Amino acid sequence: MLIRKNDVVLFQGDSITDAKREPGHELGRGYARMAAAQFGRMYPELGVTFLNRGISGNRVRDLQARWEADCLELKPCVVSIYIGVNDTWRRYDRSDPTSAEAFVAGYRDILDRTVEGLPGVKLMLVEPFVLPVPEDRRHWREDLDPKIHGIRDLAREYGAAYVPLDGLFAQASAKATCPYWAPDGVHPSPAGHALIADAWLKAAGVSRALF
């Protein structure tokens, strides 16, 4: 199992990780909270601390800008990164694209700074996804797919645990409609967050049945 006794686990990312963090709900109301709650229920004896520093709207460049304060200074043992969909979204709603090459370079910078600044750190990379809700989201594939492939390459290169959400959400959408899992194609429903939490825990090596 990736997570060990007394580890500090950091969730990083955008609004999907943020999930309305606020005082009293420091882990948000989404997959990070669900995964931490399930892990804590199953392994209370390990005394693991979970932190959430996701910020709504963030792109990889935003993580780069705040990585020192919101990751390295926290000295986590496990760093989970879930970023990418806003790097695609801004191309379509603000004409502010991030190329796949720039995205991967920014992501690589974050990973390099993490492994150099936190010797022995364990990495988890979470794959972004998009569903065709509304229909125009289908066109996002041309921009998002190269970024997903880039993250997969980075996961192999850095020996990171990997959470393959794009395929999981496509598979889930064969059982229930796309809006059931993500009403706007991007932000998960409660069931969608549970799907992410389950996949995250499995990628972390937690093998017991969860949800």
Side-chain angles (χ1 to χ4, degrees), residues 1-21 25-55 58 63 70-71 74-85 107 110-111 114-115 118 120-131 148 151-152 154-156 158-176 180-182 186-211:
M1 190 165 63
L2 197 69
I3 303 170
R4 303 296 183 181
K5 186 176 179 64
N6 297 323
D7 272 358
V8 175
V9 178
L10 174 64
F11 293 100
Q12 263 291 2
D14 52 31
S15 59
I16 301 173
T17 299
D18 184 337
K20 300 181 179 179
R21 288 190 299 123
H25 292 280
E26 287 81 4
L27 285 174
R29 295 171 170 82
Y31 80 90
R33 180 186 182 190
M34 292 179 181
Q38 288 288 355
F39 188 93
R41 175 184 66 82
M42 291 185 290
Y43 302 104
E45 71 281 2
L46 294 185
V48 173
T49 299
F50 289 89
L51 304 174
N52 185 342
R53 293 295 185 273
I55 295 181
N58 267 197
L63 295 191
D70 284 352
C71 178
L74 300 174
K75 300 189 183 304
C77 309
V78 179
V79 177
S80 171
I81 304 171
Y82 184 177
I83 200 73
V85 73
Y107 212 130
I110 288 169
L111 296 177
T114 304
V115 298
L118 302 169
V121 70
K122 292 158 281 189
L123 300 170
M124 296 185 67
L125 308 189
V126 184
E127 180 177 276
F129 76 93
V130 67
L131 295 176
I148 290 174
I151 299 171
R152 291 173 181 170
L154 290 172
R156 284 192 295 270
Y158 287 82
Y162 195 73
V163 188
L165 293 189
D166 196 49
L168 290 177
F169 271 86
Q171 181 182 37
S173 295
K175 299 179 180 179
Y180 177 83
W181 302 106
V186 172
H187 295 96
S189 65
H193 274 288
L195 185 68
I196 297 172
D198 185 47
W200 190 94
L201 287 162
K202 287 177 180 175
V206 179
S207 58
R208 302 182 197 176
L210 301 171
F211 296 100

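On a predicted model such as this, the values are computed, not experimentally measured, just so you know.
- Rounding to the nearest 0.5 Å places CZ of R29 at 11.5 Å from CZ of R21.
- Listed here is the closest heavy atom pair of A35 and A197: N-CB, 3.8 Å.
- A203 and A161 make their closest contact through O-CB, 3.7 Å (heavy atoms, listed as atom of the first residue, atom of the second, distance).
- Using a 4.5 Å heavy-atom threshold, the side chains of I81 and L63 count as touching.
- Annotation: the span from W181 atom CH2 to L168 atom CG amounts to 10.5 Å, rounded to 0.5 Å.
- With hydrogens and angles ignored, the 3.5 Å screen pairs no side-chain donor or acceptor of K20 with any backbone N or O of H25.
- Using cut-offs of 30° and 60° for the angle between ring planes, the F39 and F50 rings count as perpendicular.
- Atom CZ of R53 sits about 5.0 Å away from atom CG of L74, to the nearest 0.5 Å.
- Between L27 atom CG and T17 atom OG1 the span is 11.0 Å, to the nearest 0.5 Å.
- Rounding to the nearest 0.5 Å gives a distance of 13.5 Å between OH of Y158 and CZ of R156.
- Using a distance-only test at 3.5 Å, with no hydrogens or angles considered, no donor-acceptor pair links the side chain of H193 to the main chain of G30.
- For S15 (side chain) and D18 (main-chain N/O), no donor-acceptor pair under 3.5 Å exists by modelled atom type.
- Counting heavy atoms from C-beta on, the side chains of V9 and I3 come closer than 4.5 Å.
- In this structure, F11 has its ring center under 6.0 Å from that of W200.
- The heavy-atom pair separating Q38 from L201 by the smallest distance is CB-CD1, 3.9 Å.
- Residues S173 and Y180 have side chains that never bring a donor and an acceptor to within less than 3.5 angstrom of each other.
- With 3.5 Å as the limit, one finds a donor-acceptor pair spanning the side chains of E127 and Y162.
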Fill in: Check against side-chain contact (heavy atoms from CB on, under 4.5 Å), D14 and I83
CA-CA 6 Å; D14 52 31; I83 200 73; 4.1 Å; yes
Item to complete: Walk me through it: do I196 and I16 pass the test side-chain contact (heavy atoms from CB on, under 4.5 Å)?
Response: CA-CA 10 Å; I196 297 172; I16 301 173; 4.2 Å; yes
Worksheet item: Between K122 and D7, is a salt bridge (charged side-chain N to carboxylate O under 4.0 Å, His left out) present by the stated rule, with each step listed?
Response: CA-CA 10 Å; K122 292 158 281 189; D7 272 358; 2.9 Å; yes
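- In this structure, V163 and M124 have side chains that are in contact, with non-hydrogen atoms separated by less than 4.5 Å.
- Within the 4.5 Å cutoff, the side chain of D198 has no heavy atoms near those of the L195 side chain.
- In this structure, L51 and P76 have side chains that are not in contact, with every pair of non-hydrogen atoms separated by 4.5 Å or more.
- In K175, the NZ atom is not crowded: 12 or fewer heavy atoms of neighbouring residues, nucleotides or ligands sit closer than 6.0 Å.
- Put simply, the side chain of Y43 reaches to within 4.5 Å of the side chain of V206, judged on heavy atoms.
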Discussion item. Quick one, V121 with V78, criterion side-chain contact (heavy atoms from CB on, under 4.5 Å). Give me CA distance, side-chain angles, the key distance, then yes/no.
Written reply: CA-CA 6 Å; V121 70; V78 179; over 6 Å; no
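- Across all non-hydrogen atoms, the minimal contact from L125 to L111 is CD2-CD2, 4.0 Å.
- Side-chain atoms of V85 and F129, non-hydrogen and from C-beta on, never get closer than 4.5 Å to each other.
- Separation of atoms CG (N52) and CG (L10) is listed at 8.0 Å; rounding is to 0.5 Å.
- At least one side-chain heavy atom of D70 sits under 4.5 Å from a side-chain heavy atom of Q12.
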